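In what follows, a single structure is set out as structure tokens and then discussed.
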Amino acid sequence: MRAVAVAKPTGSPELMRLPVPEPGPGEVLVKVVAAGLNPVDWKLADRARDGVAEAVYPLIYGVDFAGKVAALGPGVSKFNVGDAVFGQPAPAAVGAYGTYAEYVVAAEDGVLALAPDALPLPLAAALPTAGMAALSILDVGGVEAAQTLLLVGAAGGVGSFVTQLAASRDVRVVAVTRGVGELLMGELGAADTVDAKAGPPVDALREAYPDGVDALVDLVSPPEAFAEYATLVSDGGVAISAIRSADVESLARRGVEGVNFVVEPNGHLLARLAAEVSAGRVTVQLGAQVPLADAPDAVARGRAGKAARGKTVILV
Ligand SMILES: NC(=O)c1ccc[n+]([C@@H]2O[C@H](COP(=O)([O-])OP(=O)(O)OC[C@H]3O[C@@H](n4cnc5c(N)ncnc54)[C@H](OP(=O)(O)O)[C@@H]3O)[C@@H](O)[C@H]2O)c1
């Protein structure tokens, strides 16, 4: 099959031909229609290169897919050949079952669900990582209707899903973006939008929200900038970092719950996400669709922070 993989730890992703993987007991083989591109794709490859994660080479890129079930391993009962599905590969060493490939193996009890009817498969491929993270962040944050959520990195993959999901629950979303304006964020449901291009807009936010905000979800800031944003969270509130920037102990000293969030993907979360999409509470902001052969360039653009706004999907 055609796949985009790195041949050795120091290699760059390239298009190559690799054997089609075989589904084991409880696993299905999926013919991939599209793979979603996420920052975690190159973060995993980097962790493998640095010896931090167990990996196999050639290491196939990608963790999100949508496609059709092509074959069943022994004992599979929840899915049938031909089902339109989306999700993430079966647990394995990094690179064994990447999704930038014509076929991938997924576990029926793993991160696999029927794709939402209303959504073409290329759009469903954009959902798993960012959508499950967004749903789960809101579960952890426990933000309720009429409360104020300060969301930093709001225009990206995770942020656009958090914005839509929170707004659908009548949470007041204050979006901090880098160059994405009020009009676009307002369409997703943000109540207020601030551009951070000139640096963290903490002073302006303090003036606009003198009583503070109930929750901070920060998807992008390193520890120092995160700590600055967290000063805006009122007593009893919660400050969540998606990139381990929260100093939980020092936040606790001023009555704020700090969380270094890590998503735990599972089939139940994925099915809840599909239901949110079917109910019209979440749409995918598509940035670009690229053919498999162009995936290495798309990864390079993502790494350089030059990706198109919205999700990139790779058409296999
Ligand atoms: N902990 C977890 O379980 C988990 C799960 C999923 C994702 N993540 C992490 O969460 C982060 C976001 O993921 P994603 O998929 O949403 O990435 P993404 O699609 O690249 O979105 C990031 C967004 O943040 C913007 N941004 C960057 N720096 C900013 C700043 N200083 N102020 C305001 N906005 C800024 C980016 O703007 P530009 O386009 O201008 O760069 C982009 O719109 C990644 O680091 C990812 O690895 C963690």
Side-chain angles (χ1 to χ4, degrees), residues 35-47 53 61-64 88 111 125-141 150-166 173-182 184-185 188 190 192-202 204-205 216-230 232 239-246 248 258-266 269-270 273 282 284-288 298-313:
L37 181 141
N38 293 285
V40 72
D41 300 346
W42 51 89
K43 289 184 183 181
L44 279 174
D46 290 353
R47 290 183 62 203
Y61 258 60
V63 297
D64 285 351
Q88 295 181 338
V111 190
L127 282 167
T129 293
M132 284 190 289
L135 252 187
S136 182
I137 281 172
L138 288 173
D139 288 347
V140 168
L150 177 61
L151 176 61
V152 183
V158 180
S160 64
F161 292 135
V162 172
T163 302
Q164 294 177 75
L165 287 165
V173 178
V174 179
V176 180
T177 70
R178 199 157 64 175
V180 176
E182 201 139 356
L184 283 169
M185 290 313 300
L188 295 179
D192 194 359
T193 300
V194 183
D195 186 350
K197 263 201 166 150
V202 173
L205 285 164
L216 163 68
V217 170
D218 190 327
L219 304 168
V220 291
S221 300
E224 203 175 317
F226 179 84
E228 257 194 81
Y229 279 117
L232 296 165
I240 300 173
S241 168
I243 56 163
R244 299 175 190 270
S245 291
V248 174
V259 179
N260 284 308
F261 169 83
V262 180
V263 67
E264 286 172 18
N266 60 69
L269 201 52
L270 197 62
L273 184 61
V282 176
V284 174
Q285 305 299 302
L286 193 62
V299 167
R301 282 195 299 276
R303 267 191 191 272
K306 292 191 176 135
R309 196 188 76 81
K311 293 294 296 181
T312 295
V313 295

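What you see is a predicted model, and the numbers here were worked out from it, not measured in a lab. Counting convention: from 1, in listed order, for ligands and their atoms alike.
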Per the under 4.0 Å non-hydrogen criterion, ligand 1 touches P39, K43, A133, G153, A155, G156, G157, V158, V176, T177, R178, A196, L219, V220, A242, I243, F261, V262, V263

Should we say atom CZ of R303 is surrounded by more than 12 heavy atoms from elsewhere, each under 6.0 Å from it?
yes

Q | Identified side chain to side chain contact (heavy atoms under 4.5 Å, CB included) counterpart of V63 within the set V111, L44, L37 | A |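 Between V63 and the candidates, side chain to side chain contact (heavy atoms under 4.5 Å, CB included) is satisfied uniquely by L44.
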
**Prompt:** Which pair of non-hydrogen atoms, one from P200 and one from Y229, has the smallest distance, and what is that distance?
**Reply:**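 That would be CA-OH, 3.7 Å.
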
Locate the shortest heavy-atom distance separating R309 from A155; write the atom from each residue and the value.
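Nearest heavy atoms, R309 then A155: NH1-O, 4.1 Å.
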
One should read off an interatomic distance between L151 CG and T163 OG1, to the nearest 0.5 angstrom, of 4.5 Å

For D139, which residues count as a salt bridge (charged side-chain N to carboxylate O under 4.0 Å, His left out) partner, sequence neighbours excluded?
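For D139 the salt bridge (charged side-chain N to carboxylate O under 4.0 Å, His left out) partners, ignoring immediate neighbours, are R272.
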
